[in-house]
Amino acid sequence: MIQADSPTASDTRGKPDLRPFASALLLAVAGIAAYANSFQGAFVFDDREILTNSYIRQLWPPWVSALSPTYRTRPLIGLSLALNYAISGTGVWSYHLFNLLVHILAGLTLFGIVRHTLNTSLLRERFGRHSFAIALVVAVIWEVHPLNTQSVTYVIQRCESLMGLFYLVTIYCFIRSLDSPRKRLWQGATIATCAAGMLSKQVMATAPIVVFLYDVVFVAGSVQLAWQQRRRLYAGLAATWILTAATIAFAAPDPTAGFSATLLSPWAYFLSQFSVIVHYLRLALWPDVLIIDYDWPAARTAASILPFAIPLAVAGVASVVALARRKPAGFLGVSFFLILSVTSSFMPIADLAFEHRMYLPLAVVIVFLVTAAYLLGMRAAKLVPVDGSASAFRILALILVTIAVAGLGFRTVRRNEDYRSDLTMWMEVVSQRPANGRAHNNLGMLLAERGLTEEAADEFSLSCKYSPTVAEAQNNYGLALSTLGNYDQGIAHLAEALRLKPDYADAHCNLGRALIGKGSLDEAIAELHRAIELNPDYAEAYYYAGVAFEKQHNPSQAMVEFNAALRLKPQWIGALSHVSLLLATSSDPLVRNAGEAMRLAERAVDLSRGSHPAPLAALGAVYAAVGRFPEAAQAAQKAMDIASTSGNTALANQLEARLRAYKQGHDVGPSETPQD
């Protein structure tokens, strides 16, 4: 059975054993040192959904976030995000703190599992004397390894790290149940944490099998004895599979993952995973280049399959044989392949490679490497029977471990820097994977958000080149071209987006915008109303439909559309500014409403905190429309100063002309307002 290191609680003189506390402190310090700079990390990739997800805006009742459409397959993830939102809103610090705490707790649990395992009757003779040190080395290396940054610094990948924590705690609780006087309490904790893991990510489905194999190899010694001695426990663990089945059954079909995915057949996905797993193993040994989005190509030839399949097949067979012979290496090998089996075998997933999938398998690899190195070192020490050789080997081991931990930790700190900005992250991806269409598209979207439309168009062009059948890329490129005034080419790409995805509301809306720019107003209105049919809550489609009606000199219908847009997005600064102008300057007496125009313009200024030129320009125009020219000039002056400071020369010149007119007591009439 399992025994702790000797001494466990005190030495021969009755002094308390401080090693557990010192080890816990060291692991906490190592984790904090490696990830302290992750707290400035931005929301990247899928994280950005956190900014708009309405289901995590309330913590109570908990099922609102836990059972939301986005997180229905992973309820505890939705609940954890709701907790973070309750603490810091969209401020990133609490999200990163949660992820780091999960990772440190996982490291502490891994330390406990390895230490107890090395003191089982099967391994005590070889490892028991130094089990504490070996376990600590394993846990520290795993905790600071840069391959784990995607599971810790990339916020939404807490799916992997939280599941990993519950996975490790399940194994730890099982180990503690073996010799504890509170056996049933520990067994209950084993089942409870296994259930929690099932509600975090489906990879947890392998945990009951791994616990059973652990029992067979390290405790019971055979399948029959393990089942006979703990059948109730295994029945309880197996029952937690119901949770995984339920989360999958009640979730909508996902075209990007599962057997309903159409991008690759299960067999093609399986064949492609050989090269992916070999790449994972290479990164475990030498994590030089880490990428958030690999766009890994499917393996379609023997040359891209066999060089990777053969060594992995040999390793797999050897692991099974060793497991049958109750060899610890067999347990490690089979566990490695089992944990990866959910994401890296036959179930197709749109992304063939993602580093976070190695969160737990990496721990297996490190346990194998550290224990193998220890055995080699012990054997080498015996071959050099010189006085002081044991001390020399210990010093050498300490130096090597220090170098490894320092090097890995430094690489983790450097990798965290990439997460400081989503723009920096995607620039890094396109530099490493220049043919990654999705990376170019994501980089283009970020450039467009920053007003760098020409640079964004270049990225969207590359996205369409490398991913010509992706409707989102065609849509974004079409919008960028239209924004630059190239309406014909933009309309062509938007039409292609709709050919690829006919019910694509964004493409219908953007096509409507492009048609407005070209002057085809009836066609524009038809496209915008089609977007509204597909998405009745599409505020932008209502707004641009209003713009089209306004250009058709139909201000009353324009106001119907604008009011619908503002009902859906009451804090839309650009829309408030534009509508206030229409209300202040319309020739239709049924539409003209100076009081409402003033209210909307002032609200836009308040929402922007007076830091954006568009609301101030609108407010100035409203003042001028009602004859309050000194106030109009003051607002125009502020708007011009902001535009000049931000480098918007065209707007600054326009506002300068308005300012001259206002100072002379003239109203320049209605004009376009820049969009927010």
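Nothing fancy with the numbering, it's 1 onward along the sequence. Everything numeric in this text was worked out from a predicted model, so none of it was measured.
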Between [X] and [Y], is there a donor-acceptor pair closer than 3.5 Å when you use the side chain of the first and the backbone of the second?
X	Y	answer
N486	G478	no
S431	E428	yes
E459	M445	no
Q58	W60	yes
T483	L479	yes
S463	A473	no
S38	G41	no
R513	C509	no

Side chains of [X] and [Y] in contact at under 4.5 Å (non-hydrogen atoms):
X	Y	answer
E631	R628	yes
R357	D351	yes
L583	M559	yes
I56	N84	no
L616	I642	yes
I32	I104	yes
L100	F39	yes
D47	Q157	no

* Sole candidate of H145, H103, E160, K201 that passes side-chain hydrogen bond (donor to acceptor under 3.5 Å, both in side chains) when paired with Y359 -> H103
* Considering residues at least two apart in sequence or located in another chain, which fulfil the side chain to side chain donor-acceptor pair (under 3.5 Å) criterion with D458? ->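 D458 satisfies side chain to side chain donor-acceptor pair (under 3.5 Å) with no other residue.
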For [X] and [Y], which I'm curious about, is there any donor-acceptor pair between the side chains at under 3.5 Å?
X	Y	value
E49	T70	yes
E472	N475	no
N99	Y154	no

salt_bridge([X], [Y]) N-O dist < 4.0 Å:
X	Y	result
R438	D293	yes
K569	E540	yes
D288	R411	no
R48	D422	yes
E417	R414	no
D418	R415	yes
E527	R530	no

* To do: Let me see the working for S80 and R158 under side chain to side chain donor-acceptor pair (under 3.5 Å), right down to the final yes or no.
  => CA-CA 9 Å; S80 72; R158 65 174 57 175; 2.9 Å; yes
* Apply the test side chain to side chain donor-acceptor pair (under 3.5 Å) to residues Q637 and D641: give CA-CA distance (whole Å), side-chain angles for both, the deciding distance (0.1 Å), then the verdict. => CA-CA 6 Å; Q637 181 69 61; D641 292 342; 3.1 Å; yes
* Structure fact -> In short, T585 meets A625 closest at the heavy-atom pair CG2-CB, 4.3 Å
Would [X] and [Y] count as a close aromatic pair, with their ring centres under 6.0 Å?
X	Y	answer
Y35	H96	no
H440	F460	no
F562	Y543	yes
Y662	Y623	no

* To do: Check the pair N563, Y542 against side chain to side chain donor-acceptor pair (under 3.5 Å), reporting the backbone distance first and the verdict last.
  => CA-CA 8 Å; N563 286 333; Y542 282 109; over 6 Å; no
* Should D522 and S520 be marked as a side chain to side chain donor-acceptor pair (under 3.5 Å) after you check the CA-CA gap, both sets of side-chain angles, and the distance that decides it? -> CA-CA 6 Å; D522 288 336; S520 303; over 6 Å; no
* Asked: Taking the inter-plane angle between the rings of H279 and Y294 on a 0 to 90° scale, is it parallel (under 30°), tilted (30 to 60°) or perpendicular (over 60°)?
  ->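 Perpendicular: the ring planes of H279 and Y294 meet at over 60°.
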* To do: Return each pair, listed once, that meets ring-ring contact (aromatic ring centres under 6.0 Å, His included) where at least one residue sits in residues 490-534; pairs must be two or more places apart or across chains.
  => Y477-H493
* Does a sphere of radius 6.0 Å around CD in E455 hold more than 12 heavy atoms from other residues, nucleotides or ligands, not counting ones at 6.0 Å or beyond? -> yes
